[in-house]
Each structure stands twice: as structure tokens, then as C-alpha cells.
Protein chains: 2
Amino acid sequence: MDLGTVRTFVAAADAGQFQEAAAELAVTQQAVSKRIAALESNLGVRLFTRTARGAELTIDGQAFLPHARELLRVAERAVASVRPGRRPLRVDVIASRSAPSGLMRGFHRAHPDIELDVVMLFDIETAVAAIRSGAIDASFRAVAVPGRPLPEDIESVWVLDEPLQLLTGPAHMLAGARSVTLAQLAGHRIWMPGIVPGTEWAAYYDDLVAEFGLTIEATGPNFGSDALLDTIADTPALATFMGEPTRLIWPAGHGLRRIPVTDPTPVYPHSLLWHRDNPHPALATLRAHLAATAAGHDAAGTWAPGWVIPR
Amino acid sequence: MDLGTVRTFVAAADAGQFQEAAAELAVTQQAVSKRIAALESNLGVRLFTRTARGAELTIDGQAFLPHARELLRVAERAVASVRPGRRPLRVDVIASRSAPSGLMRGFHRAHPDIELDVVMLFDIETAVAAIRSGAIDASFRAVAVPGRPLPEDIESVWVLDEPLQLLTGPAHMLAGARSVTLAQLAGHRIWMPGIVPGTEWAAYYDDLVAEFGLTIEATGPNFGSDALLDTIADTPALATFMGEPTRLIWPAGHGLRRIPVTDPTPVYPHSLLWHRDNPHPALATLRAHLAATAAGHDAAGTWAPGWVIPR
DNA sequence: CTATGGACACAACCGTTGGTTGTGGCCGGC
DNA sequence: GCCGGCCACAACCAACGGTTGTGTCCATAG
């Protein structure tokens with residue numbers, strides 16, 4: 001099935017006859033007839049009843065029409081998503097389960113008319129390069145890693161701190177705890193596969209390890225978060241860190257336990273980054289939205305690396 | 001753009017390489033390469049970065065991917081909408097602005113997982129034939145017109161009464177009234193183009209006219225409700241009837257006035273019709289939903305034709 | 001009843017698209 | 001430095017999709 005055929009179907013349905021639809025599409029009536037016939041053959045149902053003065057939709061055709069329109073709308077958006085200039089606002093988040101992901105969902109709810117695309121880049125270096133090249137419009141990242149100050153043309157503003165929680169399987173020693181302190185975690189195996197040295201998230205966990213004497217293992221291939229959750233659920237000696245789910249769907253069926261960490265609570269600092277000269281109107285809207293919805297921040301009892309920009 | 005290409009793109013993105021995607025799609029690697037290249041050429045952007053051990057998405061590719069998936073989902077639903085057997089529940093409503101339309105929206109909100117298609121048939125005769133043939137699963141109609149009892153195999157249940165309101169332009173004599181009685185409308189020109197003799201809605205208005213001495217004009221071609229509203233808005237001497245909008249969007253910008261009609265309030269009686277033997281599981285859900293959400297009916301002060309089935 | 005015009009379907013023809021096979025280049029790993 | 005995996009390019013070919021020409025059906029007018 002190709003969209004030209006669908007477009008033809010919609011045009012014919014709107015016009016009420018093939019001839020006019022053909023004129024609109026700048027093809028012959030015979031071409032429209034053939035396209036519709038092919039579509040009907042593919043679907044296995046008759047879409048039009050041909051009459052002496054046109055063609056009108058059958059019941060099947062009526063049922064199909066809104067779906068066809070939707071198809072064209074979605075195709076339109078798909079093309080727009082990569083159109084250079086006036087494309088949807090494109091924002092990088094660190095992970096789909098991270099807090100910025102939830103923020104973007106909230107932004108979308110508040111501004112459903114603003115076209116959005118969310119991408120996930122590798123690290124802040126990639127993100128900054130993408131921002132400077134114009135490939136993306138904004139990025140939620142932790143700044144600023146020592147030795148890597150933000151370039152002059154990149155602006156940033158702190159957005160929120162995401163508290164980390166301990167994630168264990170049901171058989172883990174700490175599974176029953178209502179909360180744990182960072183000091184209690186010393187000696188436990190914290191497994192976070194996929195940490196790549198040199199990234200800003202690696203720097204975050206390096207600092208966390210150095211300051212509280214934790215042992216975080218980054219060994220083994222990263223098969224994705226689902227595989228990670230499976231392993232955590234089944235391995236009594238293993239735990240991992242995960243951002244506190246705000247409103248995200250909590251993966252069910254694993255018997256996993258979330259345990260708040262206290263004294264202090266490690267928080268992952270998300271800032272919004274964008275290019276000084278980016279004229280995208282939706283970018284200003286996003287910044288305003290984030291500024292307006294940012295809850296008053298209470299840093300008491302939390303920990304973040306010293307290099308985090310003031311907030 | 002055709003959906004085969006989109007499917008190829010998604011398969012390649014999922015596989016991370018063209019070769020494997022080609023195997024999945026049962027074509028050669030070269031075909032996948034050509035399809036992706038064509039898609040990139042159409043969109044004007046590069047979607048993959050080719051490496052020695054596969055192909056990974058560019059930022060544009062990442063932005064495009066969810067749209068591509070959505071496109072395939074919508075296409076799937078579009079095909080399903082006309083698939084014989086196990087297709088979405090197909091329900092006929094009398095008009096898109098009518099109360100049953102709102103009911104179906106409420107049903108969709110309550111059961112977003114149930115696939116729905118709403119169609120608009122000509123009259124109850126067509127609807128009953130469509131129900132008996134299996135082309136539709138249910139219909140909201142007014143029953144039972146004199147001389148046309150429902151066939152044995154069609155079941156029906158009263159659902160709701162839709163109060164009619166008077167619709168006038170701002171310059172109409174009654175534009176400022178907070179409400180009008182049916183008696184007051186005698187002598188005023190009520191214009192309802194598109195009424196076709198022999199239909200059940202014509203029978204309804206025939207009875208309304210006969211009982212209260214109104215004059216309803218059905219003259220002139222029916223150019224659709226938008227054209228109707230335009231004319232009503234601009235013509236001081238003309239008014240029309242329209243169902244009371246429950247939560248529908250009220251057409252703005254015309255300066256139109258809605259005026260409740262009282263003593264009595266004419267109500268249009270909607271019943272749900274379906275085939276005795278229809279096994280569609282969603283049909284039972286719809287009936288249960290309607291039964292549960294039907295507000296307690298108060299027929300006091302309302303008018304409907306005598307032939308309406310008891311409620 | 002017939003003539004006419006409008007609208008769609010069918011047939012023949014043909015260019016372009018999209019597939020295959022064959023081959024070459026590039027990169028990473030052994 | 002060779003080998004293997006993966007992708008791109010070229011040549012070839014079938015099939016799809018378009019056009020022109022023609023036939024059929026139906027509604028309307030004479």
C-alpha cells in the first residue's frame with residue numbers, strides 16, 4: 001500500500017467522483033480508477049459504489065476514510081519531523097525513563113499543538129555538537145563536567161534534580177528496607193552496565209563512588225534496561241540505581257523493589273542546554289514552561305557532584 | 001512514499017543493519033540499501049550512518065523513527081477497519097453533531113482499547129439492512145416509525161432523548177430570548193434543508209409539525225451543516241433546530257444563538273439497534289456502557305412522537 | 001423512445017520504478 | 001596483512017503504473 005493510493009482514495013471520497021479527483025491530482029480519470037481498484041483489491045472490499053454521476057462511499061469505504069485521513073496526517077508529520085527549517089522542536093534526553101522524559105511529556109500535555117521530537121544521544125559531548133550544528137534544539141544534561149566547560153554559544157539553566165533510588169530483586173538483603181543510607185550501601189554490589197568512561201554520567205557516578213566509598217560495577221555488555229531489570233530481579237546480591245519514577249509506568253511482574261536512599265539522597269542534576277542563537281519559537285515556550293513548572297528546589301539532604309552548576 | 005519503504009526503514013533501524021532487515025523482509029540486502037537511499041533522497045536527509053558492521057540511526061533518523069512506527073500502526077488499523085471478521089466495532093450515527101456521536105466519544109474514552117469505526121448512513125432502513133448484512137454492528141436511530149416495525153432479528157433499546165434547541169442568527173427576532181415555547185414558533189420560518197420524505201427523521205419532524213402547527217421548510221439543496229450555519233447566521237428571518245450540544249465544540253465566529261425550547265421541549269429519541277445474533281464482543285461492552293451511563297430519564301415536559309418505543 | 005452527455009471500466013501500449021545478480025570498497029578483527 | 005562482514009554501485013529485467021483510445025451504463029432532455 002502506498003500513500004499515493006490513499007491520497008487518491010481520500011480525494012475521490014471528498015470529490016464524490018473520480019473525474020474531479022483525477023483533475024485535482026493531475027492524473028487521468030483512468031489512473032484514479034485503477035488506483036482505487038487496486039486499493040479495493042488489496043483490502044478485499046469494495047470502497048465505492050459507482051453510479052452514473054460519480055462514486056459514493058460504501059459502508060466499508062466510510063469506515064476506512066477516517067483511517068486514511070489519519071494516515072496522511074501522520075505521514076505529513078513524519079516528513080515534517082526531518083524537514084530542515086521549521087521542523088518540530090527536537091530535544092535530547094538522556095534516557096526514556098529519566099525525569100526529563102517525564103518533563104517533556106508534561107510539556108506536550110501543556111502544549112499539545114507544539115510538534116515535538118525526542119531523541120536520545122550518547123553523551124553531553126555529542127549533544128553539544130548536535131546543538132551547535134542545529135541537528136537538535138535542546139538537551140537535558142548534567143553540566144558542567146570538570147575540564148569540559150560549556151562553549152560560549154551554549155546556554156544552560158538548571159531544571160531539576162532527579163533523586164536516585166535503589167532497585168533490588170525480592171530476594172535482596174535490602175529488599176525489605178523502607179529506606180537505606182548511602183553509607184549502608186558500602187560493600188553491596190551496585191551494577192550499572194553500560195557506563196562508558198568519559199561521559200558526563202560516568203563522571204557523576206565516579207564522584208558518587210569516590211565520595212561515599214561505593215562499589216559500582218559497570219562490567220558486562222549492556223543489553224538494555226529490560227534485560228537489566230530481569231537480572232536484578234533474579235540476582236539476590238545485585239542492585240542498581242534508578243531515577244525515582246515520577247509518573248512513569250512502573251515495570252510490573254518482576255517483583256522489583258524501589259528503596260529510597262537517604263543521608264544524603266543522591267540526585268542527578270538535569271539542566272537544559274540550547275544554542276544562544278536558536279530562533280525556534282517552541283524553544284522559548286519550552287524554557288518558559290520549565291521555568292514555570294519547576295518546583296521550588298530544596299537541596300537540603302541531597303548530594304550532587306561539586307561541579308554541578310549553581311541552582 | 002510507500003509503506004513498504006517505511007517498513008524497511010523500521011526493520012533496518014531495529015536490526016541495526018541492512019543485511020538482517022533484508023532477511024526479515026525476504027529481499028536482498030541491495031534492495032534494502034536502495035529503498036533506504038530512496039527514502040533518504042525523498043526526505044532530503046541522511047537517516048543512517050553506514051559503518052563497517054551495520055548501520056545506525058542519525059539524529060534525523062532517530063527523530064523520524066517514532067513517526068515511521070506510528071505510520072505503520074495507523075496503516076495496520078486502517079486495514080483492520082475493513083477486514084472481514086474481527087474488525088473494529090462499526091456503529092452508525094445519524095449525524096456527527098448528534099448526541100450519539102458524543103455517546104460514542106464517551107464510550108471511546110471509557111474503553112480506549114476497543115477499536116471503533118463510526119459511519120453515517122442515510123436512514124433507518126439502510127441501517128437495518130446494514131445491520132442484517134453484517135456491514136455494521138449497531139446503529140443509533142429513532143424507532144419505530146409507524147408501518148415499519150423492526151424485523152424480528154433486530155433488537156433495540158432506548159438510549160437517550162436529545163433536546164432540540166432553536167438556532168438563530170444574531171439579527172433574528174428571537175435572538176435575545178432566553179427560551180421559547182413551541183407555540184411561539186408558529187409562524188416563524190424553520191429551515192431544515194436535507195429532510196428527505198420517507199426517512200425516520202422526516203417522520204419525526206412531520207409529527208412535530210402536525211402537533212404544534214409549525215412550518216418547517218425543507219426546500220433547497222443541502223450543502224452541509226456549515227453552509228446551513230452560515231445562512232442561518234446571515235438571515236434574520238430564518239432559524240433551525242439543532243440538538244443540544246452536550247460537550248461538542250460549538251461553532252464559533254458566526255454570532256449564532258442557541259435558544260432552549262420549552263413547554264414542551266421536543267426531544268429526539270435515540271435507540272440502539274443491533275442484530276440479535278451479532279457475536280462481536282465489543283457490542284456487549286457498548287450496550288453495558290450505555291446502560292450504565294444512561295442518566296435517569298425524565299420525560300416530563302418533553303415531547304416525542306407517539307410511535308417512539310417505550311422508555 | 002431516442003439522442004446526448006457525463007462518468008467509470010477495460011484494453012493496449014510504454015516508460016519508469018524496483019527488484020535481482022554480480023562486483024567492488026571499506027572497515028574491524030584475527 | 002589477510003579474511004570476513006557489510007554496504008554501495010552497475011547492469012539487467014520484470015512488473016507496476018501511467019497514458020491514450022474505446023466501450024458501457026445511466027440519467028436527463030428532446
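Numbered from 1 within each chain, the chains take letters A, B, ... in sequence-line order. Predicted, not measured: the structure shown is a model, and the values here were computed from it.
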Exercise. Closest heavy-atom contact between A:I190 and A:T240?
Worked result: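 Result for this residue pair: CG2-CA, 4.1 Å.
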Whole-Å gap separating [atom2] ([N]) and [atom1] ([X]):
{"X": "B:F18", "N": "D:dC9", "atom1": "CZ", "atom2": "C1'", "result": "14 Å"}
{"X": "B:L39", "N": "C:dT17", "atom1": "CG", "atom2": "C1'", "result": "16 Å"}
{"X": "A:L47", "N": "C:dC8", "atom1": "CG", "atom2": "P", "result": "15 Å"}
{"X": "B:E56", "N": "D:dC7", "atom1": "CD", "atom2": "C1'", "result": "14 Å"}
{"X": "A:E20", "N": "C:dG6", "atom1": "CD", "atom2": "P", "result": "14 Å"}
{"X": "B:Q29", "N": "C:dG18", "atom1": "CD", "atom2": "P", "result": "18 Å"}
{"X": "A:I36", "N": "D:dG18", "atom1": "CD1", "atom2": "P", "result": "11 Å"}
{"X": "A:R53", "N": "D:dA29", "atom1": "CZ", "atom2": "P", "result": "12 Å"}

For this session: Step through the shown structure and confirm whether more than 12 heavy atoms of other residues, nucleotides or ligands are within 6.0 Å of CZ on B:R73.
Result: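 It does: B:R73 CZ has more than 12 such atoms within range.
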Problem set entry | Residue list, side chain to side chain contact (heavy atoms under 4.5 Å, CB included) with A:A127, at least two apart or on another chain |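 Partners of A:A127 by the side chain to side chain contact (heavy atoms under 4.5 Å, CB included) criterion, ordered by chain and then number, come out as A:D92, A:L121, A:S139, A:R141.
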For this session: Hey, could you give me each pair passing salt bridge (Lys or Arg N to Asp or Glu O under 4.0 Å) that has a residue in residues 24-48 of chain B? Not counting sequence neighbours.
Result: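 Qualifying pairs, neighbours excluded: B:E40-B:R50.
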Exercise. Base, sugar-phosphate alone, or nothing: which one does A:V27 contact when heavy atoms must sit under 4.0 Å apart?
Worked result: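 Sugar-phosphate, backbone atoms only, no base.
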Exercise. Got a second to check how far A:F9's CZ is from A:D14's CG, nearest 0.5 Å?
Worked result: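 Nearest 0.5 Å value for the CZ-CG distance: 9.0 Å.
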For this session: Begin from the C-alpha positions of A:E56 and A:F48 and carry the test side chain to side chain contact (heavy atoms under 4.5 Å, CB included) through to its verdict.
Result: CA-CA 5 Å; A:E56 56 189 29; A:F48 288 96; 5.7 Å; no
Exercise. Which nucleotide, C:dC8, C:dT20, D:dC7, lies nearest any side-chain atom of B:T28?
Worked result: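 For the B:T28 side chain, the nearest candidate turns out to be C:dT20.
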For this session: Measure from the side chain of B:Q30, starting at C-beta and using heavy atoms only, and say which of C:dC8, C:dT23, D:dT22 lies closest.
Result: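 Among the listed nucleotides, the one closest to the side chain of B:Q30 is C:dT23.
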Given [N], is OP1 or OP2 found less than 4.0 Å from the side-chain N or O atoms of [X]?
{"X": "B:R35", "N": "C:dG19", "result": "yes"}
{"X": "B:S33", "N": "D:dC7", "result": "no"}
{"X": "A:Q19", "N": "C:dA7", "result": "yes"}

At a cut-off of 3.5 Å, list every protein nitrogen or oxygen paired with a nitrogen or oxygen from nucleotides 13-16 of chain D, distance to 0.1 Å.
none

Exercise. Which residue, A:R50 or A:K34, contacts DNA chain C at a nucleotide closer to its 5' end, judged by nearest heavy atom?
Worked result: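 Its nearest nucleotide lies further toward 5', so the answer is A:R50.
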Exercise. Between A:A52 and B:Q17, which is nearer to the 5' end of DNA chain D once each is assigned its nearest nucleotide?
Worked result: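 Its nearest nucleotide being more 5', the pick is B:Q17.
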Exercise. Regarding A:H67 and B:D117, is there a side-chain donor-to-acceptor distance under 3.5 Å anywhere?
Worked result: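 Yes - a donor-acceptor pair under 3.5 Å links their side chains.
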